[in-house]
There are 2 protein chains.
Amino acid sequence: MDRVGLAVDVVRRMAHVTAALRHRQGSAFAELGLTPAAARALRELDPDHPLPARDLAGQLGCDRSNVTVLVDKLEQAGLVERRTDPTDRRQKTLVVTGEGRVVRARVIEVMSDSRLLSGLSDEELSTLRDLVWKVSDGGCPESLGPE
Amino acid sequence: MDRVGLAVDVVRRMAHVTAALRHRQGSAFAELGLTPAAARALRELDPDHPLPARDLAGQLGCDRSNVTVLVDKLEQAGLVERRTDPTDRRQKTLVVTGEGRVVRARVIEVMSDSRLLSGLSDEELSTLRDLVWKVSDGGCPESLGPE
DNA sequence: TATTGTTATACTCTATAACTATA
DNA sequence: TATAGTTATAGAGTATAACAATA
């Protein structure tokens, strides 16, 4: 198979795998009362290093307006708090609550339960990590994230 | 990093890469008058081997009802034709038209333009293909696709 | 003027359930 | 009864544009 064929194959299979993972994890998140996107947002929020909504949008690779909706849900569920930044009153800092920490730990647990990757040896997994990292990092960085 | 950490990392990065690809290819598909899902459906239809809608749903890993909508669009655009199977009048065979072949070739071209993978050598790409294939194939096959 | 967050809106994707026509 | 395709509907994700408050 030529290089183009390989590339197409890789892309299609990766999409397949991520779709399958999303599907499986979606059920687990639902049991936590979270949508997949909300769970991902909670995962990105480091309890020890609160950050403004703008940065979360950057980390999630989506628009700020979406973050507003996601944080609405997380705040309603009592998992996150909005605090106006005293140094720049335009910004709102996102703080993970005590209960938020608990749920976030469970979210990470679900994300770690990657039975889909159980067919790989430690060495293969490590190699895969390096390659995927190289792709997502060096390939075409300017294209990662929204316009 | 431990095995769990590696797995989480792999999953997140893969999702990142596929999201970036989807984003970029989405623009190209829009210029062809296709949504990403419609483009993927057209890609799956082999012009030389027409198949029933049910099988397309299987290949796309989605529900039959979605195929109806996607084929509606493709048919309206004159790229695909529905033909009732004479041997089983419940089935409708999906046939790619002459224009459909042209657009499909362009779709494949777009999917092949994987600049995101340009950072990898031929050998790395080949290794990545094998690993991703192994994951999507052997890991947990029963979970690939819809319920 | 530029930026943060918000709101309103719209489009895409996808699943479920009920329907039909065939088998 | 069971299956193929359709229709209607709903939920989730995400982008755009306009807006208020703040810088």
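These numbers come from the heavy atoms of this one structure, side chains and all, not from hydrogens, waters or symmetry mates. Throughout, a chain's letter reflects where its sequence line sits, starting with A, and its residues are numbered from 1.
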inquiry  = Counting the atoms with a prime plus P, OP1 and OP2 as sugar-phosphate, which does B/Asp85 contact under 4.0 Å by heavy atoms, base, sugar-phosphate, or nothing?
reply    = nothing
task = Report the nucleotide, chosen from C/dT14, D/dG13, D/dA23, that has the shortest atom-to-atom distance to any side-chain atom of A/Ala37.
result = D/dG13
query = Where the side chain of A/Thr35 is defined as all heavy atoms beyond and including C-beta, which of D/dG13, D/dA21, D/dA15 is the nearest nucleotide?
reply = D/dG13
query = Among D/dA15, C/dT14, C/dG5, which nucleotide sits nearest the side chain of B/His23?
reply = D/dA15
ask   = Looking at the side chain of A/Arg90, which of D/dA23, D/dA15, D/dA2 is the nearest nucleotide?
value = D/dA23
query = From the list C/dA15, D/dT6, C/dT22, which nucleotide is the closest neighbour of the side chain of B/Arg82?
reply = D/dT6
task = Looking at every strand, decide which applies to A/Asn66 at a 4.0 Å heavy-atom threshold: base, sugar-phosphate, or nothing.
result = base
inquiry  = To the nearest 0.5 Å, what is the distance between CG on A/Leu51 and CZ on A/Arg54?
reply    = 9.0 Å
Nucleotide D/dG5, atom P - distance to CG of B/Leu56 in whole Å = 10 Å
key: Atom pair distance, as rounded to whole Å: CG in A/Leu51 and C1' in C/dT4   = 13 Å
query = Under a 4.5 Å cut-off applied to non-hydrogen side-chain atoms, are B/Thr84 and B/Gln91 in contact?
reply = no
query = Rounded to the Å, how far apart are A/Leu74 CG and D/dA12 P?
reply = 14 Å
query = When you check the phosphate oxygens OP1 and OP2 of D/dA15, does a side-chain N or O of A/Arg64 lie under 4.0 Å from one of them?
reply = no
ask   = To the nearest Å, how far apart are A/Asp88 CG and C/dG5 P?
value = 9 Å
Euclidean distance, atom CD of residue A/Gln91 to atom P of C/dA2 [Å, nearest integer] = 18 Å
key: Pairwise distance OG1(A/Thr93) to CZ(A/Arg83) - rounded to 0.5 angstrom   = 8.5 Å
message = Whole angstroms only, please: what is the CZ-C1' distance between A/Arg22 and C/dT12?
response = 13 Å
query = Does OP1 or OP2 of D/dT6 have a side-chain N or O of B/Lys92 closer than 4.0 Å?
reply = yes
Gap between atoms CG and P, on A/Leu94 and C/dT4 respectively (whole Å) = 13 Å
query = Do NZ/NE/NH1/NH2 and the carboxylate oxygens of B/Asp72 and B/Arg82 come within less than 4.0 Å?
reply = yes
task = Give a yes or no on whether a donor-acceptor pair under 3.5 Å exists between the nucleobase atoms of D/dT14, that is its base, and the side chain of A/Ser65.
result = no
query = Can you tell me how far C1' of D/dA10 sits from CG of B/Asp63, to the nearest Å?
reply = 14 Å
key: Distance, nearest 0.5 Å, that separates CD of B/Gln25 from OG1 of B/Thr18   = 10.5 Å
ask   = Would you call A/Arg13 and B/Asp130 a salt bridge, taking side-chain N to carboxylate O under 4.0 Å as the test?
value = no
note = Looking only at D/dG5, D/dA15, C/dT16, the nucleotide nearest the B/Ala53 side chain is D/dG5
ask   = Quick one: is A/Arg54 getting a side-chain N or O under 4.0 Å of the C/dT4 phosphate, OP1 or OP2?
value = yes
key: D/dT22 OP1/OP2 closer than 4.0 Å to side-chain N/O of A/Arg89   = yes
